[in-house]
Amino acid sequence: MKDFTEYLAFTKELAFDSGKILSKYFGNLNSINQKTTSIDLVTNADIESEQLIINSILKKFPNHKIIAEEATQEEKNSDFKWVIDPLDGTTNFVHNLPIFAVSIGLQYKNKTVIGVVYNPAADKMFSASIKKGAYLNEKKIKSSSTNTLSKSLIVTGFPYLHDKKWEKSFSIFKDFYSKTQGVRRLGAASLDLCFVGMGRFEAFYEFNLKPWDICAGSLIAEEAGATVTDWDGSKYPESGKRIIASNGYIHKDSIEILKKHSSIFFEQ
Ligand code: IPD
Ligand code: CA
Ligand code: CA
């Protein structure tokens, strides 16, 4: 296997620099714009953070493909693809809640090989490179060893689009709530995945996410020992359509809950 560690330092530096931009705006926003709906927001911080990341990648790797939340890039022919959320947790950010992050993943031949999620408000840098483990700052992280749902704390999220699936998702929420020690909704999917990786939560599930919400965080969770799949236990879609990440021990029981409710979530 190719050695990707040279990309790790570059990606961490990039996340740190864009984190500085987010910190500059945090608590000082003077413009917030709506995207698809009145609760789907974008700020100058998202845009400036993304510009910095894209420009730095293009300068160093002009041939690499890039997909990022706020801008579309021209199609390129390369084995490398960067998948970027310049600000994950925008709603928290806008409300001065320090649960937000910059998330940068790198894929090689369609496989994620580097993942970095940086929360500047707490100066927490989560990182992983494939087959080399996952780290929080310089310390190796590991998912929890809790092996029953009844002793587990779960985290989830809900999409901006309030459609039929969204309605149905509350039955799943209720089911998890009744079988566990609790379910949290923090508002930044990339961090939810990292928190499964560091053992704070036993599992995270969500639907209707985007590739940039899950790319980096999934690798971090997996490298920390977590199991990441689709809601039926098969390989998770990189689109972010459905995802469950768990410590592995409670995966089967979690999938059972998801499967019970999930036919609508597999409809096109
Ligand atoms: C959102 C967050 C949130 C999730 C939403 C995402 P954004 O990303 O990850 O936790 O529930 O579905 O869209 O818009 O803050 O980058
Ligand atoms: Ca996001
Ligand atoms: Ca975002």
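In listed order, ligands and their atoms are each counted from 1. Along the sequence shown, residues carry numbers from 1. Below, all heavy atoms of this structure are taken into account, side chains as well, without hydrogens, waters or symmetry copies. What you see is a predicted model, and the numbers here were worked out from it, not measured in a lab.
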(message) Contact between Leu191 and Phe126 at the side-chain level, heavy atoms closer than 4.5 Å - yes or no?
(response) yes

(request) For Gly89, take its heavy atoms, then give the atoms of ligand 1 lying under 4.0 Å from any of them. (result) 7 (P), 15 (O), 16 (O)

(request) Could you tell me whether Glu70 approaches ligand 1 through its side chain, its backbone, both or neither, with non-hydrogen atoms closer than 4.0 Å? (result) neither

(request) Kindly compute the distance separating NZ (Lys131) from OG1 (Thr5), expressed to the nearest 0.5 Å. (result) 14.5 Å

(message) Are Ile66 and Phe4 linked, directly or through intermediate hydrophobic residues, by side-chain heavy-atom contacts shorter than 4.5 Å (ILVMFWY only)?
(response) yes

(request) Would you mind listing which atoms of ligand 1 come within a distance below 4.0 Å of any non-hydrogen atom of Ala189? (result) 2 (C), 9 (O), 10 (O)

(request) State yes or no: do Val183 and Leu258 share one hydrophobic cluster built from I, L, V, M, F, W and Y residues joined by side-chain heavy-atom distances below 4.5 Å, directly or via other members? (result) yes

(message) Is it the case that over 12 heavy atoms from other parts of the model lie below 6.0 angstrom from the CZ atom of Phe16?
(response) no

(request) Ignoring angles and geometry beyond distance, decide whether Thr90 reaches within less than 3.5 Å of ligand 1 through its nitrogen or oxygen atoms. (result) yes

(message) Need the ligand 1 atom indices (1-based, order shown) with element for anything under 4.0 Å from a heavy-atom of Glu69.
(response) 16 (O)

(request) Please tell me if the side chains of Ile141 and Ile220 come closer than 4.5 Å, counting only heavy atoms from C-beta onward. (result) yes

(request) Verify whether the ring centers belonging to Phe158 and Phe170 lie closer than 6.0 Å. (result) yes

(request) Go through ligand 1 atom by atom and flag the ones less than 4.0 Å from a non-hydrogen atom of Asp85. (result) 16 (O)

(message) Among Val196, Leu186, Ile154, which residue satisfies the side-chain contact (heavy atoms from CB on, under 4.5 Å) criterion with Phe204?
(response) Val196

(request) Decide whether an N or O pair under 3.5 Å exists between Ala188 and ligand 1. (result) yes

(message) Taking only non-hydrogen atoms of Trp212, do any sit less than 4.0 angstrom from ligand 1?
(response) no

(message) I need the minimum non-hydrogen distance between Asn247 and Ile250, along with the two atoms involved.
(response) OD1-N, 3.2 Å

(message) Taking NZ in Lys76 as the centre, count heavy atoms belonging to other residues, nucleotides or ligands within less than 6.0 Å. Is the count above 12?
(response) yes

(message) Looking at Asp17 and Lys20, is any side-chain nitrogen of the basic one under 4.0 Å from a carboxylate oxygen of the acidic one?
(response) yes

(request) Looking only at distances, please establish whether an N/O atom of ligand 1 is found under 3.5 Å from an N/O atom of Thr91. (result) no

(request) Can you sort out which atoms of ligand 1 are near Arg185, meaning under 4.0 Å from one of its heavy atoms? (result) 3 (C), 10 (O), 11 (O)

(request) Just go through Gly187, Ser190, Ser103 and tell me whose heavy atom is the nearest to atom 10 (O) of ligand 1. (result) Gly187

(message) With a cutoff of 4.0 Å, is Lys210 in contact with ligand 1, counting heavy atoms of the residue only?
(response) no

(request) Indicate, with yes or no, if the rings of Phe61 and Phe80 have centres closer together than 6.0 Å. (result) no

(message) Quick check on side chain to side chain donor-acceptor pair (under 3.5 Å): which of Asn208, Asp230, Thr229 does Arg242 satisfy it with?
(response) Asp230

(message) Heavy atoms only, cut-off 4.0 Å: how does Leu186 contact ligand 1, side chain, backbone, both, or neither?
(response) neither

(message) I'd like to check Pro120 versus Phe100 (side-chain heavy atoms, cut-off strictly below 4.5 Å). Are they in contact?
(response) yes

(message) Short of 3.0 Å from the Ca ion (ligand 2), name each protein N/O/S atom, waters not counted.
(response) Asp85 OD2, Asp88 OD1, Asp213 OD1

(message) Give me the atom names and distance for the closest heavy-atom approach of Pro237 to Ile214.
(response) O-CD1, 3.7 Å

(request) Would you kindly specify which portion of Leu209 sits under 4.0 Å from ligand 1, judged on non-hydrogen atoms: side chain, backbone, both or neither? (result) side chain

(request) May I ask you to test the Trp212-Ser103 pair for a side-chain heavy-atom distance under 4.5 Å? (result) no

(message) Quick check on contacts: which atoms of ligand 1 are under 4.0 angstrom from a heavy atom of Phe158?
(response) 11 (O), 12 (O)

(message) Check this for me - ligand 1, Pro159, N or O atoms closer than 3.5 angstrom, yes or no?
(response) no

(request) Would you check whether Gly157 has a nitrogen or oxygen atom less than 3.5 angstrom from a nitrogen or oxygen atom of ligand 1? (result) no

(message) Once you restrict to heavy atoms under 4.0 Å, what part of Tyr160 touches ligand 1? Side chain, backbone, both or neither.
(response) side chain

(message) With the threshold set at under 4.0 angstrom, would you say Asp46 reaches ligand 1 through any of its heavy atoms?
(response) no

(message) Given Asp213, Leu87, Asp88, Asp192, identify the one with the heavy atom nearest to atom 9 (O) of ligand 1.
(response) Asp88

